[in-house]
Amino acid sequence: MTYGILIVSHVPEIAAGLPKLLKQVAADVPITFAGGTDDGDIGTSMEKIGQAIEENSADELLAFYDLGSARMNLDMAGEFAEKKVRVYDVALIEGSYVAASLLQAGVGLAELESQLAPLKIKGDD
Amino acid sequence: MTYGILIVSHVPEIAAGLPKLLKQVAADVPITFAGGTDDGDIGTSMEKIGQAIEENSADELLAFYDLGSARMNLDMAGEFAEKKVRVYDVALIEGSYVAASLLQAGVGLAELESQLAPLKIKGDD
Amino acid sequence: MELTTELLDKWMAIFAEKIEANKAYLSDLDTPIGDGDHGNNMARGMSAVEEALQTKKPADLTSALKLVAMSLISKVGGASGPLYGTAFLEMAKLSNSETDLARLTEAALLGIKKRGGAEPGDKTMVDVWSAVVPALAKGNLTNDLIQEAVESTKPMQAKKGRASYLGERSIGHLDPGSVSSGYLFTALLEAEA
Amino acid sequence: MELTTELLDKWMAIFAEKIEANKAYLSDLDTPIGDGDHGNNMARGMSAVEEALQTKKPADLTSALKLVAMSLISKVGGASGPLYGTAFLEMAKLSNSETDLARLTEAALLGIKKRGGAEPGDKTMVDVWSAVVPALAKGNLTNDLIQEAVESTKPMQAKKGRASYLGERSIGHLDPGSVSSGYLFTALLEAEA
Ligand SMILES: Nc1ncnc2c1ncn2[C@@H]1O[C@H](COP(=O)(O)OP(=O)(O)O)[C@@H](O)[C@H]1O
Ligand SMILES: Nc1ncnc2c1ncn2[C@@H]1O[C@H](COP(=O)(O)OP(=O)(O)O)[C@@H](O)[C@H]1O
Ligand SMILES: [Mg+2]
Ligand SMILES: [Mg+2]
Ligand SMILES: [Mg+2]
Ligand SMILES: [Mg+2]
């Protein structure tokens, strides 16, 4: 089982920029992203997210998002996708950074999730 | 006393993109940013941060950053600056979004800081 | 009451008109407690719905509902896209075996709640849907009932969506998604009339 | 022992050489537990230091130390920039009234700790500085002592800096900033010799 990372942001620049930070510490982890609406405005697009899921070469994805409506589109895209997509309600930048570092270090999912837990700051409280 | 927001990220795209998300909910809040090294690489630059502090038209700044080394450059820039810069160890995107929303709504600093508290995920534990 | 393709067409056309007419108002409502785009989002979505229905002329109710759903999902761009989209998708799924509007909207409401995690009292469109669905079942849905449900969101503190970031400052404003949902159901009453 | 402008020049020249010679090694150390740039960061910083010292020829020790600090702060780009920068800035401040190397590096260490919040045992350059500074005061600083301090970071779990995100996975690797700090102090011993 290989794990990849999926970044979803309302802002195209954030979605495109964050993988650059992650790649520095996770050169071998497949990272794809989706940002903005279909028109490139601030928002998210289920279709773009679906493409980013497909493009990712990993078997399973760990997904990170900024605001709640991104999570809804992410969930829908995940339901339509073939691949398993695990969505984490953690701080987008900091959470994905931790996940990328640990995946690169070969840490397993259970340990990784326990290290992500303190970064949970959204979703159902 | 007017408050502004300062965004500091290792990645130029994140630093430039995040204010677009914030401006949507905080049209009247002065927001400036600094991202990347002087050469535009991944990293931070005390000089760029200092410029972003100066450029911000507010009297006092609420500052948000991604990783620890950004905080160090932010602190140094704040020490050299004329303006008071308050640095928050909260999730960069989510924390600055809450701060922007509340500043736009005219919420005072004490209430704002209590709403930021649950988003603290870095710094001295 | 039964949902037919004819009724759906009429319903959507009236809803699209109301959204277009109140576009600026809906975005204004979204400004103090959101990002000021709800009217534009819904107008973009509903004009896509109208275009899709008119050009693709879906053969049956299920295809028509699915078309509405997919247009909203792909064109709205904000939280209301997946939420309204899920609502119509759930109706589409159920419409193979069931065309009673009360049953369909019940499934839609369940879908909205599951998608967004909101419950009544959270100051979201769920507040309007939760009031309307049982009234549809009892056959006593009125404009007044809809209006009351919409107004009920004003004193609430938001627990979901962008407005929730404002904490107590979200109190005293109508929820934009509840207002647009109000239009959806007054449009239904007009379409049925 | 006294720090003079001549000693500082020599010290920085030797440190710059060591950094340049071990650039790839330092970045390699930074790869499993960081972002793989420590060697490049320090090399960029130290070549800026060398250029500044040679072209600006500072008139006194305080200006020279300040020049070293500002070059590192503005050119390094990573965490080690503000940290080494603060160290030399604190030395610069104190150098108006005090030129004893033990006192100066003591002030530098306090500055590093304040800037980064790290304590001994956190697997950072603080581990090397904390071992070296008292030895300088006692006049018994040796290459062995420096080497031991550097090696001591290997079994530690990082509590500060990028390596801390790895939790237990940071154990078993030398801390790159400790290795470069080791070079700083072996360079000092060579410069004094
Ligand atoms: N989690 C949620 N559950 C139910 N409804 C929600 C949720 N989040 C937002 N909404 C509804 O969506 C409306 C906002 O829609 P819109 O402005 O189009 O999206 P966005 O907030 O992404 O800009 C809100 O007024 C609310 O009624
Ligand atoms: N908070 C801190 N306190 C003390 N030293 C630190 C701290 N954070 C990082 N360091 C030191 O900096 C070194 C990393 O420097 P460098 O790779 O140049 O920066 P970055 O981590 O930003 O890429 C670490 O090996 C460690 O010795
Ligand atoms: Mg909105
Ligand atoms: Mg929006
Ligand atoms: Mg590094
Ligand atoms: Mg770096």
Distance-only, no hydrogens or angles: does the A/Glu13 side chain make a donor-acceptor pair with backbone N or O of B/Leu18 under 3.5 Å? no

Is the number of heavy atoms from other residues, nucleotides or ligands within 6.0 Å of CD (B/Glu54) greater than 12? no

Search all heavy atoms of B/Gln24 against all heavy atoms of A/Ile42 and return the closest pair with its distance. OE1-CG2, 3.4 Å

B/Glu60, CD atom: more than 12 neighbouring heavy atoms under 6.0 Å: yes

Heavy-atom nearest pair, B/Ile121 first then A/Ala91, reads CD1-CB, 3.5 Å

Name the one of A/Ile93, A/Val11, A/Leu67 that satisfies side chain to side chain contact (heavy atoms under 4.5 Å, CB included) with B/Ile93? A/Ile93

Counting only heavy atoms from other residues, nucleotides and ligands, does the tally under 6.0 Å from CD of A/Glu47 exceed 12? no

What is the distance from atom CG of B/Leu21 to atom NE2 of A/His10, rounded to the nearest 0.5 Å? 7.0 Å

